[in-house]
Amino acid sequence: MDIYPSGSSFPIEQLICANRFGTFFGVPQHVFDRVWGQLTRPDGNSIAYVSMEIGADPDVLHPVRDWLEQKRIKGHANPRIDGFVRKYIFGPRKIPNYSGGLGVLAGDTLKSFADMHVPVLAISLLYREGYFSQIVDSKIGQIDYATRWTPESTPTLFQLRNPEAPDQPLVLEIPFYNGQLNPTVVKAHVWMKLEIAAELDSFVPEFLIDYSLPDAPLWVTEPAYQLYNAKSVIIKANQRRMLGFAILPLLETLGCTPRTIHLNEQHGITVTLSLILQELHDTFGEAALDQIADADILAAAERVSRKIVYTIHTPVKAGHDRFSRELYSGISHGAFQRILNLLAHDEDESHEYNFTAMAMRINRAVNSVSRLHRDVTRKQFPAFADKIKAITNGVHHLTWISAQRAACFDRIPSLRAWRTDPSCFGAITGQEAAALAPMLDAAWRTDNRLLIDYANAMLKSHREQMVETWIDPPNHLSSLPEAEWFRPGVFTIGFARRFSTYKRADLIFDDICRLADILIALNRPVNFLFAGKAHPADEPGKSVLKLILDNQEELYVRSRGLGKLVFIPGYDMQIAKLMVSGVHAWLNSPKRPLEASGTSGMKAAMNGVPNISIMDGWWVEGYHGGQTGWKFGYEGPVEDADLSEAPDALLYTEDAAAFYQILPAILESFYDRPESYLECALNNLRLNIPIFNTHRMAAEYVAQYGLRLPRELEESIARFRRLYQSEEGTMP
C-alpha cells in the first residue's frame with residue numbers, strides 16, 4: 001500500500017500541461033495555469049525561496065508515479081504520453097542535488113507549500129556531479145567520487161525551452177563583475193522540477209540553474225559540477241555568486257514577480273548586491289555611482305531589506321561563509337566593494353567579509369530553526385538579537401511516514417484526514433490508541449524486518465565485492481558467518497547524518513569496555529546502524545567516520561557478539577526513510593548547543609520511533625518531559641555554553657558516561673516492558689507529529705511573507721499556525 005489515497009479521478013491525458021517555456025507532465029492544464037498565473041501577477045503576491053541545495057528524490061515521494069501505479073497505467077497509445085509514463089514508472093529515482101539536512105528540509109518545505117497551495121517558486125543550482133558518491137573501505141575509510149546522473153531522463157525534471165525557438169533550450173544571461181566595471185555575461189540553461197501536491201491539484205516549481213554548458217569558462221564549470229565544491233576558496237565564492245546573481249535574471253526572463261525572496265541560509269545573499277545596485281541605478285543613474293555617499297548605499301540597503309526573509313541554520317563557524325576582502329576585490333567592482341565594506345564587515349576578522357553578518361543586516365525578518373538555536377544565535381549576533389526569532393523546523397509527514405505506518409493510520413477514524421491535516425494525531429482518544437497500538441507494533445516489526453533485510457543484503461554484497469574489487473568491506477560482520485548477522489526484533493539504534501566533529505557520531509563508543517559490559521550484564525543484544533557522509537574536505541569528519549569502522553570488531557568481541565555495529569555507505573533519502581522507520585530508537589549525540597535543529601530525529605518521531613538524544617536543537621521542544629524518548633548529557637544554559645569545536649572541548653567523557661547510565665533502562669523498557677515502549681511510540685504520534693511537520697512550519701513562514709490569500713486558504717493556514725507558536729512561550 002502506498003502513502004497516497006486513490007487521488008483525483010481524471011483521464012491521464014489531462015496530466016499534459018504547457019506554456020511558452022515547454023510541455024510538462026504531472027498536473028492538469030488548469031492547475032498549471034492557475035499556479036503560473038499566481039507567480040507572475042503584477043502585484044508580486046508570491047515568494048521566491050532560494051536554497052543552495054534541494055533534496056526531493058522521487059524514490060521517497062512521487063505522487064504522479066503513485067497515481068499511475070494506482071490506476072495501473074504502464075503505457076499509452078499516444079507516443080508523447082507513453083514517453084512520460086515510462087519515464088515516471090521506470091526512470092531513475094535520484095536528483096542528487098543535496099548534501100544532507102539543509103537540502104532535505106528545503107525539499108520538505110516546498111512539498112508542504114505545494115500541498116497547502118501557497119504561491120511559491122524555488123531557485124537553486126543544478127549540479128551535474130551532484131554532491132558526491134561514497135564508497136567506504138575498512139582500511140581507508142570514506143572514498144568519494146563524482147556522482148553520475150542524467151537530468152534528461154529523470155522524471156519530474158524538465159528543461160525549459162526558448163519561446164522564440166522551441167527546439168532550443170532557454171538561455172539565461174547572467175552578469176558577473178570580475179574586477180571590472182562592465183560585467184562578463186555568463187550563459188546558463190534552466191531546468192524546472194515540479195514539486196507536486198498529493199492530490200495533483202497544485203505544485204511548486206523549482207528552477208535549477210545549469211551552468212555546465214560546453215563553451216562555459218573554467219571558472220564557471222568548476223563550481224557548477226558539484227555541490228559545495230571546496231577545492232579552492234575562489235570556487236566556493238563563485239558557486240555562491242552563481243546562485244545569487246542568477247536570481248534576478250531568472251525572474252525577469254520567466255516573468256515571475258515575487259515581492260519577497262526567502263533565503264534558506266545565506267548562500268544566495270549576493271542577490272542583495274544586485275538589488276542594492278538596482279536601487280542606486282534607479283535613484284542616481286549609473287553615471288553618478290562613484291559620487292554617492294555611504295548614507296545613500298545604506299538607504300538603498302534598507303529598501304532592499306524589506307524584500308528579504310532569512311533563515312539561519314547553524315551556529316557552527318564553518319557554516320558561515322567568510323571570504324577575504326582581497327579575493328573579493330578581484331571578482332567584483334567598486335560599487336559592490338563599497339556595499340560589502342558597509343554591510344559584510346566581520347567584527348572579528350577585519351580582513352574578511354562575513355556573509356552571514358550581511359544576511360543578518362539585510363532582511364525584514366530573520367529566524368533560527370529551534371528555540372534553543374534562537375538563543376544561541378542571539379548570543380552569536382547580539383547586535384541583531386531583537387529581530388532574531390524562532391521558527392522550529394519540521395519535516396514533510398507524507399514523505400517520511402512509512403507505507404506500513406500509513407496503513408495503520410488509515411484504519412483509525414480520527415486519523416482519516418492525516419494526509420492533509422497532521423494535527424489530527426493530537427486528537428487520538430484512549431480507545432483509539434488501544435486499537436492503534438497492536439497495528440503500530442505489527443507495522444513496526446515489518447519495517448524493522450525490511451531494514452534488517454537491507455542491512456544483511458548489504459553485508460553479503462560487500463563480501464562478494466571483496467572478491468571482485470580491491471575494496472575491503474567496511475563492516476566486520478561481512479567476514480563472519482551469515483548466522484552471526486542481524487536478526488529482526490533485536491533492539492536497533494539508528495544514527496544517520498553528516499559526519500562533522502561536533503555531531504560526535506562516535507560518542508557512545510568512547511568507552512567500548514563499559515558499553516560491552518552493560519550488554520553482557522543484561523544479556524541483551526543491540527544493533528547499531530550508522531550512515532552518513534563527511535564532506536570531502538573535512539578530514540576531521542572523515543576521521544570520525546573511520547572510528548566507527550575501527551570500533552566494530554572490538555565491540556563485537558568484547559560484548560561476546562551482543563553488540564553489532566555496521567556502517568551503511570551511500571546515505572541518501574531512500575536509506576534515510578528505511579532507517580527512520582525501521583530502527584527502534586534514533587540516536588543524536590551532538591555537543592550542546594551546536595545542533596541547530598536535527599530533523600532526522602523528527603522523521604523518526606513521525607513513525608513513532610523514540611529518540612535518545614542530547615538536549616539540543618528540536619529535542620528540547622520534542623522531549624515532553626520524557627514521554628517521547630530519553631535525554632542524556634550536558635544541559636547547561638546557553639549563556640555558559642562553549643561553542644568551540646576543538647577536540648578538548650567536545651565533552652566526550654562526560655556525555656558518553658551519561659549515555660551509559662540511561663542505556664540499561666532503555667533496554668529494560670524495550671525487552672521487558674514492551675507495552676511501555678509502545679506507549680512511548682504512541683506519545684510521539686500524539687505529541688510530536690502535530691508540531692514537527694512542515695505544514696505547521698510553512699504556516700509560520702507565511703505569517704512573515706505578508707501574502708494576500710483567499711479567505712478559505714488563509715483560514716486553513718492559520719489553523720496550522722495555531723498548532724504551535726515556535727517563538728511564543730518559554731523554553732521547555
Side-chain angles (χ1 to χ4, degrees), residues 2-41 45-49 54 56-58 60-71 73 76 78 80-89 91 93 95 107-123 151 154-161 170 190-208 254-256 258 396 398-399 419-420 694-695 698 709-710 712-713 716:
D2 217 302
I3 195 77
Y4 285 99
S6 58
S8 303
S9 178
F10 44 74
I12 187 175
E13 291 81 4
Q14 289 192 19
L15 290 184
I16 295 282
C17 51
N19 71 354
R20 64 195 186 99
F21 296 107
T23 299
F24 316 106
F25 184 80
V27 296
Q29 184 68 51
H30 73 275
V31 170
F32 188 93
D33 291 343
R34 185 192 76 237
V35 171
W36 199 268
Q38 291 171 331
L39 300 176
T40 56
R41 284 174 47 159
N45 193 46
S46 61
I47 306 299
Y49 183 94
I54 300 177
D57 279 343
V60 293
L61 187 79
H62 196 338
V64 177
R65 181 195 63 202
D66 294 343
W67 186 91
L68 294 171
E69 291 179 345
Q70 287 156 3
K71 304 298 182 185
I73 298 172
H76 198 274
N78 182 316
R80 184 174 64 165
I81 297 176
D82 186 66
F84 282 126
V85 170
R86 292 187 177 278
K87 178 186 284 190
Y88 275 63
I89 295 294
R93 301 285 193 239
I95 303 177
D108 280 9
T109 303
L110 298 174
K111 293 170 195 175
S112 280
F113 281 141
D115 290 337
M116 298 163 66
H117 295 203
V118 180
V120 175
L121 63 91
I123 303 172
T154 303
T156 75
L157 272 179
F158 305 89
Q159 189 175 39
L160 298 189
R161 315 309 297 177
L170 178 69
V190 182
W191 296 79
M192 180 172 71
K193 181 180 189 292
L194 298 184
E195 208 60 71
I196 297 175
E199 297 296 329
L200 313 187
D201 58 352
S202 188
F203 70 97
V204 166
E206 301 167 10
F207 299 107
L208 307 178
L254 298 181
C256 295
H396 188 246
L398 290 175
T399 296
R419 289 181 174 82
T420 56
T694 40
H695 282 30
L709 301 173
E712 183 178 349
L713 177 55
S716 172

Next on the checklist: Which heavy atom of Ala48 sits nearest to which heavy atom of Ile123, and what is that distance?
Outcome noted: CB-CD1, 4.5 Å
Checklist entry - What's the verdict on side chain to side chain contact (heavy atoms under 4.5 Å, CB included) for Thr23 and Phe158, showing C-alpha distance, side-chain angles and the deciding distance? => result CA-CA 8 Å; Thr23 299; Phe158 305 89; over 6 Å; no
Checklist entry - What residues form a side chain to side chain contact (heavy atoms under 4.5 Å, CB included) with His30, not counting sequence neighbours? => result Pro28
Item to check | side chain to side chain contact (heavy atoms under 4.5 Å, CB included) involving Arg34 - partner list, sequence neighbours excluded | outcome: Val31, Gln38, His117, Ser202
Checklist outcome for this item: side chain to side chain contact (heavy atoms under 4.5 Å, CB included) with Pro63: of Val27, Leu68, Thr156, Leu200, only one passes, and it is Leu200
Pair up each side-chain donor or acceptor in residues 190-197 with any protein partner under 3.5 Å, not counting sequence neighbours, and list the distances.
residue	atom	partner	partner atom	Å
Trp191	NE1	Asp210	OD2	3.1
Lys193	NZ	Glu195	OE1	2.9
Lys193	NZ	Glu195	OE2	3.3

Item to check | Chi angles and distances behind the side chain to side chain contact (heavy atoms under 4.5 Å, CB included) call for Glu199, Arg419 | outcome: CA-CA 10 Å; Glu199 297 296 329; Arg419 289 181 174 82; 5.9 Å; no
Checklist outcome for this item: Residues Cys256 and Pro258: closest non-hydrogen pair is C-CD, 3.4 Å
Checklist outcome for this item: Those residues at least two apart in sequence (or on a different chain) that pass salt bridge (charged side-chain N to carboxylate O under 4.0 Å, His left out) with Arg86 are Asp82
Checklist entry - What distance separates Lys71 NZ from Phe10 CZ, expressed to the nearest 0.5 Å? => result 8.0 Å
Checklist entry - Under the ring-ring contact (aromatic ring centres under 6.0 Å, His included) test, which residues partner Tyr49, sequence neighbours left out? => result His262
Checklist entry - If every non-hydrogen atom of Pro58 is compared with every non-hydrogen atom of Arg93, which pair is closest and at what distance? => result CD-O, 3.1 Å
Checklist entry - Of all residues at least two apart in sequence or in a different chain, which pass the salt bridge (charged side-chain N to carboxylate O under 4.0 Å, His left out) check with Arg41? => result Asp43
Checklist entry - Does the pair Ile12 and His76 meet the rule for a side chain to side chain contact (heavy atoms under 4.5 Å, CB included), with working shown? => result CA-CA 9 Å; Ile12 187 175; His76 198 274; 3.5 Å; yes
Item to check | Under the ring-ring contact (aromatic ring centres under 6.0 Å, His included) test, residues paired with Phe25 that sit two or more places apart | outcome: Phe84, Tyr88
Checklist outcome for this item: CG of Leu709 to CG of Asn45, rounded to nearest 0.5 Å, is 6.5 Å
Item to check | By side chain to side chain contact (heavy atoms under 4.5 Å, CB included) - contacts of Gln29 (at least two apart) | outcome: Cys17, Ala18, Phe32, Asp33
Checklist outcome for this item: CG of Asn78 to CD1 of Ile16, rounded to nearest 0.5 Å, is 7.5 Å
Item to check | Shortest non-hydrogen separation from Leu110 to Ala122 and the atoms involved | outcome: CD1-CB, 3.5 Å
Item to check | Which atom of Leu39 lies closest to which atom of Pro205, heavy atoms considered | outcome: CD1-CG, 3.5 Å
Item to check | 4.5 Å side-chain heavy-atom contact, Phe24 and Leu160 | outcome: yes
Checklist outcome for this item: The reported gap from CG in Leu170 to CD in Gln159 (rounded to nearest 0.5 angstrom) is 9.0 Å
Checklist entry - Can you tell which of Leu398, Thr694, Thr420 makes a side chain to side chain contact (heavy atoms under 4.5 Å, CB included) with Asp115? => result Leu398
Next on the checklist: If I take atom CZ from residue Phe21 and atom CH2 from residue Trp36, how far apart are they, to the nearest 0.5 angstrom?
Outcome noted: 6.0 Å
Checklist entry - Excluding sequence neighbours, so at least two apart, what forms side chain to side chain contact (heavy atoms under 4.5 Å, CB included) with Glu712? => result none
Item to check | 4.5 Å side-chain heavy-atom contact, Ile89 and Glu69 | outcome: yes
Item to check | Residue list, side-chain hydrogen bond (donor to acceptor under 3.5 Å, both in side chains) with Thr109, at least two apart or on another chain | outcome: none
Checklist entry - If you look at every heavy atom in Pro11 and Trp67, which pair is closest and at what distance? => result C-CH2, 4.5 Å
Checklist entry - Does a side-chain heavy-atom distance below 4.5 Å link His62 with Pro155? => result yes
Checklist entry - Does the side chain to side chain contact (heavy atoms under 4.5 Å, CB included) test come out yes or no for Leu121 and Leu254, once each step is laid out? => result CA-CA 11 Å; Leu121 63 91; Leu254 298 181; over 6 Å; no
